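Quick notes on the structure that follows.
What you see below is based on every heavy atom in this structure, not just the backbone, and it leaves out hydrogens, waters and symmetry mates. Not measured: the values here are computed from a predicted model.
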Number of protein chains: 2
Amino acid sequence: MGSNNQMEQLDHARARWLPPQAEEHIIAGRSWCEKLNQKFIALSALIPDLKKARKASVLEDAVKHVKDLQEKVKALEEQNMERTVESVVLIKKSHILVTDDGGSSSDENNLDES
Amino acid sequence: MGSNNQMEQLDHARARWLPPQAEEHIIAGRSWCEKLNQKFIALSALIPDLKKARKASVLEDAVKHVKDLQEKVKALEEQNMERTVESVVLIKKSHILVTDDGGSSSDENNLDES
DNA sequence: ACGTACACGTGAGAC
DNA sequence: TGTCTCACGTGTACG
């Protein structure tokens, strides 16, 4: 039988011969891909309620989550400022009550709480 | 020009003929890749101080940024709780001062400010 | 000249 | 079934 040609070597599993340089290129490409995948996994681990293990979903949900967190930070900062103001107002009020010297002649110290 | 054989078609720019099915597969693969790239861009737009426009950097810095934001949220929540407690204490104190019924019979209302 | 980063073609598997 | 998703090989470009 005359089947001992090159085709015998490069059959079922892409085992064809390559110059060592090209093989390193192949390995470089593969490990780059694997590295990216690890980072995808690392990112997806930080995202709550990740439905689908798809790359597109990881990126999409990462965007949503970052936006949510930034909103949350903003809301908390505002709330925090309110609380600070409230404390200051209360302290001032206490001071007024303690020293008993406030509010009789001025109209800007009309402090009401809701 | 007598060179109108198939070689004319598949010359310099991979313009070889393909069955329509395979061509759709090619287009599917390409648009999937483009879609991912758009999401990469969308994510990188949310990340401050992104040095390099590399996919690996986007994923890495996204992880860092999410962690930073989560820490920030936690810190703000704690601070907010402190402020809330402070306000409550001040309100209670004010109430005591106003109603003037505190401290004489109970030892747990010993509120001091520093 | 070598390594890194990437887009695309493509085969395979999932749904 | 046809579509979607992905890993990998590979050509290309940049440093």
Extract from the structure each pairing of a protein N or O with an N or O of nucleotides 13-15 of chain C at less than 3.5 Å, listing the distance.
none

Next item on the list: Scan for salt bridge (Lys or Arg N to Asp or Glu O under 4.0 Å) pairs involving residues 25-50 of chain B, sequence neighbours excluded, and state none if there are none.
Entry: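 Residue pairs passing salt bridge (Lys or Arg N to Asp or Glu O under 4.0 Å), neighbours aside: Glu60(A)-Lys39(B).
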Next item on the list: Not counting sequence neighbours, list each pair that qualifies as a salt bridge (Lys or Arg N to Asp or Glu O under 4.0 Å) and has a residue in residues 71-91 of chain B.
Entry: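 Output for this query lists Arg83(B)-Glu86(B).
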Check: Mind checking what makes side chain to side chain contact (heavy atoms under 4.5 Å, CB included) contact with Pro19(B), not counting sequence neighbours?
Finding: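 Pro19(B): side chain to side chain contact (heavy atoms under 4.5 Å, CB included) contacts with Trp17(B), Ala22(B).
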Next item on the list: Only counting residues at least two apart or in another chain, list the ones meeting side chain to side chain contact (heavy atoms under 4.5 Å, CB included) with Lys64(B).
Entry: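 Applying side chain to side chain contact (heavy atoms under 4.5 Å, CB included) to Lys64(B) gives Asp61(B).
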Check: Within the distance-only criterion (no hydrogens, no angle test), does the side chain of Thr84(B) pair as donor or acceptor with the backbone N or O of Asn80(B) below 3.5 angstrom?
Finding: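 Looks like yes, one N/O pair under 3.5 Å.
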Next item on the list: Give a yes or no on whether the backbone of Ile27(A) and the side-chain of Ser31(A) come within a donor-acceptor separation of less than 3.5 Å.
Entry: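 Answer holds: yes.
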Check: Excluding sequence neighbours, so at least two apart, what forms side chain to side chain donor-acceptor pair (under 3.5 Å) with Asn37(A)?
Finding: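 Here the qualifying residues are Lys55(A).
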Check: For DNA chain C, what are the stems built from at least three Watson-Crick or G-U pairs in a row, each pair having both distances below 3.5 Å?
Finding: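 Paired runs of 3+ in DNA chain C: C:2-15 with D:2-15.
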Next item on the list: With a 4.0 Å heavy-atom cut-off, tell me which residues in residues 45-57 of chain B come close to DNA chain C, sorted by residue number.
Entry: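 Heavy-atom cutoff 4.0 Å gives Ala53(B), Arg54(B), Lys55(B).
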Next item on the list: For DNA chain C, determine which residues of residues 19-44 of chain A have any heavy atom closer than 4.0 angstrom to one of its atoms, and list them numerically.
Entry: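 Residues of residues 19-44 of chain A that come under 4.0 Å of DNA chain C are, in numerical order, His25(A), Trp32(A).
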Next item on the list: Mind running side-chain contact (heavy atoms from CB on, under 4.5 Å) on Leu59(A) and Leu59(B) for me, showing each step along the way?
Entry: CA-CA 9 Å; Leu59(A) 294 174; Leu59(B) 294 174; 3.9 Å; yes
Margin query: To the closest 0.5 Å, what do you measure between CG (Leu18(A)) and CD1 (Ile26(A))?
Written below: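 Going from CG on Leu18(A) over to CD1 on Ile26(A), the span is 4.5 Å.
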Listing request: all ring pair (Phe, Tyr, Trp, His ring centres under 6.0 Å) pairs with a residue in [range], at least two apart in sequence or in separate chains.
| range | answer |
| --- | --- |
| residues 66-85 of chain A | none |
| residues 37-90 of chain B | Phe40(A)-Phe40(B) |
| residues 41-63 of chain A | none |

